Amino acid sequence: MLIPREKPYLEGLNSYYLQLEKFIEHMQGDIGSGGIHCKSLNVEMLIYFNERETISTLIQKKNEKAGFISSYEIARTIFYDDNFSVKV
């Protein structure tokens, strides 16, 4: 999966403590646009957002190719079904 080389704005977060919707909303107000990188043992996910909306989500399951998913609800379900290390 392609990850930006810049130093993360935030790192060391755990998805267990986050409410995804509120976290994205907070990041939209704080930095405007960016990406939330979520990594677990079986799944990597990159959620892109701008000031107004969640733009898209890229998901890569272990030993599979990465692909964009069309529904934010699918990303939300995956986020709450696993324990992720989170960077912004």
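What you see is a predicted model; the values in this text were computed from it and never measured.
- Rounding to the nearest 0.5 Å gives a distance of 3.5 Å between CD1 of I59 and CD1 of I69.
- F79 and F84 have parallel rings, their planes meeting at less than 30° on a 0 to 90° scale where 60° marks the start of perpendicular.
- Between C38 and I36 the shortest side-chain heavy-atom distance falls below 4.5 Å.
- With hydrogens and angles disregarded, no donor-acceptor distance shorter than 3.5 Å links the side chain of N14 to the backbone of Y17.
- Between M27 and L10 there is a side-chain heavy-atom pair separated by less than 4.5 Å.
- A heavy-atom distance below 4.5 Å is not found between the side chains of N83 and S40.
- Within the 3.5 Å criterion, the main-chain N or O of I55 finds no donor-acceptor partner in the side chain of Y72.
- Donor-acceptor pairing under 3.5 Å is lacking for the side chains of E11 and H37.
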Step by step, would you call Q19 with F23 a side chain to side chain contact (heavy atoms under 4.5 Å, CB included)? CA-CA 6 Å; Q19 287 187 328; F23 184 62; over 6 Å; no
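- Here R76 pairs with E21 in a salt bridge; the nearest charged N to carboxylate O distance falls below 4.0 Å.
- Side-chain contact between L41 and D82 is absent, with no heavy-atom pair separated by less than 4.5 Å.
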Show your reasoning for whether side chain to side chain contact (heavy atoms under 4.5 Å, CB included) applies to T57 and M45. CA-CA 7 Å; T57 304; M45 184 164 50; 3.6 Å; yes
request  = Show your reasoning for whether side chain to side chain contact (heavy atoms under 4.5 Å, CB included) applies to Q28 and E51.
outcome  = CA-CA 5 Å; Q28 287 171 323; E51 299 87 6; 5.5 Å; no
